Amino acid sequence: MTMGAASIDVEAARFMDRYARAFNALDGAAVAALYAQPAGILDSTGYTHWQTTDEIAVNMVALCAHYRSNGYRHNAFVLRSCIAQGQVAAYVDVAWTLFWRDRAPTCFGAGYLLRRDDGNLRIQLCTAYEETLASEGN
């Protein structure tokens, strides 16, 4: 299947839904499986680069354990934009809300460079930004 401008929007939305469901299940291995090799994340603390699936899995399993121990309930997201980049990649911008048991929701934005790998979209790079409490607004 080729990634045309019309189809990539649908494909990217389906991909982000799988990503959100993997986090809602707190399944770090399933989250890691949605990343390309190599991959990275850029946030306010700096850049982290993972060379292998095992490195990604260690990080995502630890992140899910952290979420679990801090009362994570579920997430919601809005796909703000999707820009096709040729036949092999797309950039998506997502607004996330994370819901917790004993505190206000956390809202943040994240951009994802998605790359086709073995016929499937995978995250090549995540850029997390705009983190606020829902009560503070965006």
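Everything numeric in this text was worked out from a predicted model, so none of it was measured.
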Could you work out, with side chain to side chain donor-acceptor pair (under 3.5 Å) as the rule, every residue matching [X], not counting sequence neighbours?
X	result
Asp27	none
His66	Asn70
Thr53	Gln37

Taking only residues two or more places apart in sequence, or in another chain, which ones meet [X] in a salt bridge (Lys or Arg N to Asp or Glu O under 4.0 Å)?
X	value
Asp54	none
Arg21	Asp17
Asp43	none

Working to the nearest 0.5 Å, report the span between [atom1] of [X] and [atom2] of [Y].
X	Y	atom1	atom2	value
Phe23	Leu98	CZ	CG	8.5 Å
Tyr91	Ser81	OH	OG	6.5 Å
Leu121	Glu11	CG	CD	4.0 Å
Asn75	Thr97	CG	OG1	8.5 Å
Leu63	Ile56	CG	CD1	13.0 Å
Leu42	Tyr129	CG	OH	12.0 Å

When you measure from the side chain of Arg101 to the backbone N and O of Arg73, does any donor-acceptor pair fall under 3.5 Å?
no

Is it true that a side-chain atom of Arg68 and a backbone atom of Leu26 form a donor plus acceptor pair closer than 3.5 Å?
yes

Kindly give the heavy-atom pair with the smallest separation between [X] and [Y], and that separation in Å.
X	Y	result
Ala76	Phe99	CB-CE1, 3.9 Å
Ala36	Arg115	CB-NH2, 3.1 Å
Ala110	Arg80	N-NH2, 4.4 Å
Ala22	Ala30	CB-CB, 3.9 Å

Going through the distances and angles, do Glu55 and Tyr35 end up as a side-chain contact (heavy atoms from CB on, under 4.5 Å)?
CA-CA 11 Å; Glu55 292 172 341; Tyr35 278 78; over 6 Å; no

Do [X] and [Y] share a hydrophobic cluster, counting only Ile, Leu, Val, Met, Phe, Trp and Tyr and linking them when any side-chain heavy atoms are less than 4.5 Å apart?
X	Y	result
Trp100	Phe108	yes
Val94	Leu125	no
Val61	Ile41	no
Tyr19	Leu113	no

Apply the test side-chain contact (heavy atoms from CB on, under 4.5 Å) to residues Val10 and Arg14: give CA-CA distance (whole Å), side-chain angles for both, the deciding distance (0.1 Å), then the verdict.
CA-CA 6 Å; Val10 172; Arg14 287 180 183 150; 3.5 Å; yes

Examine Tyr112 together with Phe15 and report whether their ring centres are nearer than 6.0 Å.
no

